[in-house]
Protein chains: 2
Amino acid sequence: MKLDDAAAHLEALGNPTRLKIYRALIRAGRAGLPVGRLQDKLKIAPSTLSHHIKALLVVGLITQVREGTTLVCHANYGVMRELVGFLVAECCTESAETADAKTAA
Amino acid sequence: MKLDDAAAHLEALGNPTRLKIYRALIRAGRAGLPVGRLQDKLKIAPSTLSHHIKALLVVGLITQVREGTTLVCHANYGVMRELVGFLVAECCTESAETADAKTAA
DNA sequence: TCGATATTTCTAGTTTTATGGGAGGACAGT
DNA sequence: ACTGTCCTCCCATAAAACTAGAAATATCGA
């Protein structure tokens, strides 16, 4: 994962409302959660919720599947794993000399 | 770590420039990196850099220590570990019923 | 004290984000 | 086709972020 992608994902999660949405979807498991159900939990305007959901969609952190009249949202575990992988590899270890810092000095 | 704190940390890292700053500090290891050195690497206006550094400081992701005329920045590994811990515990596992359903511990 | 270097703070302009009201589209049931 | 429900899109507004020039502050050495 590139740094800019990681930053985009972090930014998407870096909002309390969106992080709540994401966490709710994680807790919902594979079944996911309809948008309306998210609205019950978060109690914000539908348009606002939709706006935040879109922000998570465009970076791939969540997906949407229509089931009848409702749109069910699912967390995309793979993307989160990539993100955590990036943080651990590049931003957590004290010896994070990844591939280009060796020619310094 | 509370959700709002996690969101604040994610937001701080959710900017390419700040993520670059943070990664540079990680790569610098315990020795840290002076602000001026960061500016050499990032090539942005001093005031802009200072602005971003402050954003990382206020959430505790980095610290600053004066050494003579220069201010040396250090990554705060502990905070990052907490953040990654939050993500893994609450936002990564498929059985993330944590903290408000089980509380076995 | 004076000057040089390093960095922050002040200030301001431009852009982006957050929020939500209302209109509109998709779908199921009748 | 009509209606109700669900959700998104378009629009506007207010708030916040990003950028950086200029001035101010901190420290050291002469």
Side-chain angles (χ1 to χ4, degrees), chain A residues 3-25 28 31-76, chain B residues 3-25 28 31-76:
Chain A
L3 184 137
D4 283 355
D5 295 325
H9 291 133
L10 292 167
E11 183 181 35
L13 292 172
N15 172 281
T17 300
R18 284 195 296 269
L19 191 52
K20 280 180 196 134
I21 292 170
Y22 188 81
R23 188 176 60 172
L25 294 181
L33 221 49
V35 175
R37 210 99 171 89
L38 284 169
Q39 209 206 323
D40 296 340
K41 288 177 179 286
L42 299 175
K43 296 179 171 47
I44 57 179
S47 56
T48 304
L49 177 58
S50 193
H51 168 79
H52 285 303
I53 287 175
K54 196 179 188 180
L56 292 168
L57 277 170
V58 296
V59 298
L61 275 163
I62 70 173
T63 58
Q64 260 182 347
V65 174
R66 178 170 286 280
E67 279 181 26
T69 78
T70 74
L71 273 168
V72 182
C73 302
H74 302 266
N76 188 339
Chain B
L3 185 138
D4 282 356
D5 295 325
H9 291 133
L10 291 166
E11 183 181 36
L13 292 173
N15 172 281
T17 300
R18 284 195 297 269
L19 191 52
K20 280 181 194 132
I21 292 170
Y22 188 82
R23 187 175 60 172
L25 293 181
L33 220 49
V35 174
R37 210 95 174 95
L38 284 169
Q39 208 205 324
D40 295 341
K41 288 176 179 285
L42 299 176
K43 297 182 171 47
I44 56 179
S47 56
T48 303
L49 176 58
S50 193
H51 167 79
H52 284 303
I53 287 175
K54 197 188 201 169
L56 291 168
L57 277 170
V58 295
V59 297
L61 275 162
I62 69 173
T63 57
Q64 261 183 343
V65 175
R66 180 170 284 280
E67 280 181 25
T69 76
T70 75
L71 274 168
V72 182
C73 302
H74 303 265
N76 188 340

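Chain naming here is simple, since letters A, B, ... match the order of the sequence lines and numbering starts at 1 in each.
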Inset, instruction - May I ask you to decide if B/Leu25's main-chain N or O and B/Arg23's side chain share a donor-acceptor pair within less than 3.5 Å? - result: no

Legend entry - Under 4.0 angstrom between A/Asn15 side-chain N/O and C/dT17 OP1 or OP2: no

Legend entry - Closest contact, heavy atoms only, B/His52 versus B/Asn15: CE1-OD1, 3.8 Å

Legend entry - B/His52 side-chain N/O to D/dA17 phosphate OP1/OP2 under 4.0 Å: no

Legend entry - Heavy-atom pair of closest approach, residues A/Asp4 and B/Pro16: OD1-CB, 3.6 Å

Inset, instruction - Check whether any side-chain N or O of B/Gln64 sits under 3.5 Å from a backbone N or O of B/His74 as a donor-acceptor pair, and report yes or no. - result: no

Legend entry - Backbone of B/Glu11 reached by a side-chain donor or acceptor of A/Glu11 within 3.5 Å: no

Legend entry - First of B/Pro34 and A/Lys43 reached from the 5' end of DNA chain C, by closest nucleotide: B/Pro34

Inset, instruction - Starting from the 5' end of DNA chain C, give me the residue, A/Glu11 or B/Thr70, whose nearest nucleotide shows up first. - result: B/Thr70

Inset, instruction - Find the distance B/Leu10:CG to C/dT17:P and express it as a whole number of Å. - result: 16 Å

Inset, instruction - Taking B/Arg18 for its side chain and B/Lys20 for its backbone only, find out whether a donor-acceptor pair lies under 3.5 Å. - result: no

Inset, instruction - For A/Thr48 and A/Leu42, run side-chain contact (heavy atoms from CB on, under 4.5 Å): C-alpha distance rounded to whole Å, both residues' side-chain angles, the deciding distance at 0.1 Å, then the answer. - result: CA-CA 11 Å; A/Thr48 304; A/Leu42 299 175; over 6 Å; no

Inset, instruction - Answer yes or no: is there a donor N or O on one side and an acceptor on the other, between the side chain of B/His9 and the main chain of B/Leu61, under 3.5 Å? - result: no

Inset, instruction - Have a look at the helix from C/dT1-D/dA30 to C/dT30-D/dA1 and give the angle its two end axes make, five pairs each, rounded to 10 degrees. - result: 20°

Inset, instruction - Using atom CD1 of A/Ile21 as one end and atom C1' of C/dT19 as the other, report the distance to the nearest whole Å. - result: 13 Å

Inset, instruction - Under the side-chain contact (heavy atoms from CB on, under 4.5 Å) rule, what do A/Lys41 and A/Leu33 come out as? Steps first, then yes or no, please. - result: CA-CA 11 Å; A/Lys41 288 177 179 286; A/Leu33 221 49; 3.8 Å; yes

Inset, instruction - Classify every nucleotide of nucleotides 23-30 of chain C by which part a protein heavy atom approaches to under 4.0 Å, writing B for the base, S for the sugar-phosphate alone and - for neither, in 5'-to-3' order. - result: ---SBS--

Inset, instruction - Please report the shortest heavy-atom distance between A/Ile62 and A/Tyr22, naming the atom on each side. - result: CG2-CD1, 3.8 Å

Legend entry - Whole-Å gap separating C1' (C/dT5) and CZ (B/Arg37): 16 Å

Legend entry - Pairwise side-chain contact, A/Leu13 with A/Leu56, heavy-atom cut-off 4.5 Å (strictly under): yes

Legend entry - N or O in side chain of B/Arg18 less than 4.0 angstrom from D/dC18 OP1/OP2: yes

Inset, instruction - At under 4.0 Å between heavy atoms, which parts of nucleotides 8-13 of chain D does protein reach? Answer with one letter per nucleotide, 5' to 3': B base, S sugar-phosphate only, - none. - result: BB----

Inset, instruction - May I ask you to evaluate whether B/His51 reaches the phosphate of C/dC10, defined as a side-chain N or O under 4.0 Å from OP1 or OP2? - result: no

Inset, instruction - Let me know the distance between CD1 of A/Ile44 and C1' of D/dC7, rounded to the nearest Å. - result: 13 Å

